[in-house]
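One structure below.
Model, not experiment: these values are computed from the prediction. In what follows, every heavy atom counts, from backbone to side chain, and hydrogens, waters and symmetry copies are set aside. So you know, we letter chains A, B, ... as the sequences are listed, proteins then strands, and number each from 1.
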Amino acid sequence: MVGGSARRSTCGYPRGRYGFRWSRLSSEADDLTQPRLAKLARLRDLGIEPYPSRFERTHSAADAVARFAELGGHTLRLAGRITSRRVMGKASFCHIQDGSGRVQLYLRQDGVGPEAYERFRDLIDLGDLLGAEGKLFQTRAGEITLDVSRFDLLAKALRPLPEKWHGLTDVEKRYRQRYLDLTVNEDVRRVFRLRSAIIGAIRCFLDRRGFVEVETPVLQALYGGAAARPFITHYNALDRDFYLRISLELYLKRLIVGGYDRVYELGRVFRNEGLSTEHNPEFTLLETYEAYADYHDVLAMVEEMIPWVAETALGTTTIEWQGRPIDLRPPWHRVTLRQAILDHAGLDVDAFPDQASLYEQVASLGLPIVPGTPRGKIIDELLSRFVEPKLVEPTFVLDYPVELSPLAKRKPERPDLVERFEGFVGGIEIANAFSELNDPLDQRQRFLQQAQDRAAGDEEAQPTDEAFLLALEHGMPPTGGLGIGIDRLVMVLTNQPSIREVILFPQLRSRD
RNA sequence: GGGCCGUUAGCUCAGUUGGCAGAGCACCUGACUUUUAAUCAGGGUGUCGCAGGUUCGAGCCCUGCACGGCCUACCA
């Protein structure tokens, strides 16, 4: 495999030792990696470093193509992964793909010289990273192409790309080897670019409104702010268990106490629950808190923010969701939770003010509910079962039972309800907001109730957070708070029915 | 947790009644200086997810397990 030259390779590897690299591959080398290893060795023998440090690009692929009128005839330096290759004797075409798109290269023996041409033809493979310099021109077929005068291998690929026509469709492989998915599936690249644009637009929207972005602890001695079971970890230096946060709420409110008027955090939270097309154990949550505002102010902000983000990131306020258009422009529908359940389940929850009567009524409707389910949870069940799937048009559902919302302020005229709304689009909950409870005595009572629920077997009831109560006792201004599940928002805005399609590396069972 | 479906070459997939493991792309050899799913000639490269069982014989039938998908249940 190696020629007779006594020349040493530039990187100092002695000749003839490359076989040992077999054992260092991430898994068994096969008949497709073996020839690539041999080519790698030959390149080193030719004095070519297959993994050089850098390459100076003048343009991106998309740039070169888009600005042909201006760049045609000029010398450009482009770089990317070889995604197609057509060798025709003494001339070859290939496409290279970078982060912006792809562009065709044309290599002629006359253009790059016989030695370099032979090197391209014999030692460069589909999947290799290549840098090329040449003049931009248009082929007979009209494709904008770089007429290459010289090229450099930037990284040798030892493994082949997925098939060029059908691409990579195996769902498990797409998630486990997302880099391959991104390399060959343009739609996947598009969705994740949109995700980035959506998050960027959210930041821009909030920053312009005077919100300050902050960061709060992920590792917490006590968790709270949502109804969920936490992940538990161990802090060796303190020799005690810690929790991964399940929400951002309790720390952000401390900052409102501290005098910030408007704060937000965009961060990862962790909930110890099952996997599904709508649940990933770690997900990205946005929470905002605005002093001297209530949930009506927050509602107005959401109603403005979502269409603005869509317009900014997607270029439109009309999205497509599972085959039907949805107009995100305000005003969104508004309905109380009571009315929504009445509309879609034909049941007036206010007519059944205690657990026993509501349970009896719901059971008689044939809805399977575990006996003893608290009244609030029954209402919640009615919401998710009968109402949520119907809320395709952007809709705010207002005024939730106090039992479901231990951190929200009661409605003055209805102390059994809280000033809370959830926003739905496409049948998916994307926003949850309330007037924050700032009465420290009421808050302590709510925690006590949570402790009782917990004692009664509710594993998701929140533990009492004395440090948080201490902060409230120092006085928190009236505050409007908001939570938006970013992954679900991205699902809706990019028309993806599974959360795994908007998370680069979704949780999968480990494969040992 | 339950049900259904799936796992075959690097990728996308066929595989008949239980009887020699297949195709396209990729890859390898050769030809070809404007191709673009390049073309032409030749070449099959495999732990049929794993472990058992039935059988003269298992990719195919049976049992268990792993991983994935969908549905369902539980869960915010």
Identify the two heavy atoms, one from A:S247 and one from A:G225, that lie closest to each other, and give their separation to 0.1 Å. OG-CA, 3.2 Å
Look at all strands and tell whether [X] reaches a base, only sugar-phosphate, or nothing, counting heavy atoms closer than 4.0 Å.
{"X": "A:G111", "value": "nothing"}
{"X": "A:L508", "value": "sugar-phosphate"}
{"X": "A:E459", "value": "nothing"}
{"X": "A:L161", "value": "nothing"}
{"X": "A:R271", "value": "sugar-phosphate"}

What's the [atom1]-[atom2] distance between [X] and [N], to the nearest Å?
{"X": "A:D170", "N": "B:U8", "atom1": "CG", "atom2": "P", "value": "8 Å"}
{"X": "A:K377", "N": "B:C74", "atom1": "NZ", "atom2": "P", "value": "12 Å"}
{"X": "A:L275", "N": "B:C67", "atom1": "CG", "atom2": "P", "value": "12 Å"}
{"X": "A:R86", "N": "B:U33", "atom1": "CZ", "atom2": "P", "value": "16 Å"}
{"X": "A:L168", "N": "B:A9", "atom1": "CG", "atom2": "P", "value": "14 Å"}
{"X": "A:Y106", "N": "B:A38", "atom1": "OH", "atom2": "P", "value": "16 Å"}
{"X": "A:I378", "N": "B:C75", "atom1": "CD1", "atom2": "P", "value": "12 Å"}
{"X": "A:I82", "N": "B:U35", "atom1": "CD1", "atom2": "C1'", "value": "15 Å"}

Picking from [options], which would you name as closest to the side chain of [X]?
{"X": "A:E163", "options": "B:C11, B:C27, B:U35", "answer": "B:C11"}
{"X": "A:L126", "options": "B:C27, B:C70, B:U36", "answer": "B:C27"}
{"X": "A:W165", "options": "B:C75, B:C28, B:A37", "answer": "B:A37"}
{"X": "A:F137", "options": "B:U34, B:C28, B:U12", "answer": "B:U34"}
{"X": "A:V87", "options": "B:C32, B:C13, B:A37", "answer": "B:C32"}
{"X": "A:P160", "options": "B:G68, B:U35, B:A26", "answer": "B:A26"}
{"X": "A:T169", "options": "B:C75, B:C13, B:A37", "answer": "B:C13"}
{"X": "A:H166", "options": "B:C75, B:U12, B:U34", "answer": "B:U12"}
{"X": "A:M88", "options": "B:A73, B:C32, B:C70", "answer": "B:C32"}

When you compare [N] with [M], how far apart are their [atom1] atoms, in angstrom units rounded to a whole number?
{"N": "B:U29", "M": "B:G15", "atom1": "P", "value": "34 Å"}
{"N": "B:C11", "M": "B:U54", "atom1": "C1'", "value": "35 Å"}
{"N": "B:C74", "M": "B:U55", "atom1": "C1'", "value": "44 Å"}
{"N": "B:G68", "M": "B:C25", "atom1": "C1'", "value": "24 Å"}

Side-chain N or O of [X] closer than 4.0 Å to phosphate OP1/OP2 of [N]:
{"X": "A:K39", "N": "B:C28", "value": "yes"}
{"X": "A:R509", "N": "B:G68", "value": "yes"}
{"X": "A:K173", "N": "B:G68", "value": "no"}
{"X": "A:R500", "N": "B:C70", "value": "yes"}
{"X": "A:T139", "N": "B:U35", "value": "no"}
{"X": "A:R140", "N": "B:U34", "value": "no"}
{"X": "A:R176", "N": "B:G68", "value": "yes"}
{"X": "A:S84", "N": "B:A38", "value": "no"}
{"X": "A:K164", "N": "B:A26", "value": "yes"}

Report yes or no: is there a donor-acceptor pair, N or O only, under 3.5 Å between the side chain of A:E143 and the base of B:U34? no
Test A:R338 against A:D399 for salt bridge (Lys or Arg N to Asp or Glu O under 4.0 Å), laying out the working first. CA-CA 8 Å; A:R338 175 192 175 192; A:D399 301 343; over 6 Å; no
CD/A:E360: more than 12 non-hydrogen atoms of other groups inside 6.0 Å: no
Could you tell me whether A:R86 atom CZ has more than 12 heavy atoms of other residues or ligands within 6.0 Å of it? yes
Check the orientation of A:W332 and A:F396. Use parallel for under 30°, tilted for 30 to 60°, and perpendicular for over 60°. parallel
Once the angle between the rings of A:Y106 and A:F93 is folded into 0 to 90°, is it parallel (under 30°), tilted (30 to 60°) or perpendicular (over 60°)? parallel
Hey, does A:E133 have a side-chain heavy atom less than 4.5 Å from the side chain of A:F151? no
Check whether any side-chain heavy atom of A:L407 lies under 4.5 Å from a side-chain heavy atom of A:Q462, and answer yes or no. yes
Name all stems that contain residues of RNA chain B, defined as runs of 3 or more consecutive Watson-Crick or G-U wobble pairs, both distances under 3.5 Å. B:1-7 with B:66-72, B:10-13 with B:22-25, B:27-31 with B:39-43, B:49-53 with B:61-65
Backbone N or O of A:Y117 within a donor-acceptor pair of the A:R108 side chain at under 3.5 Å? no
Approximate separation, where rounding is to 0.5 Å, of A:Q355 CD and A:E403 CD: 10.5 Å
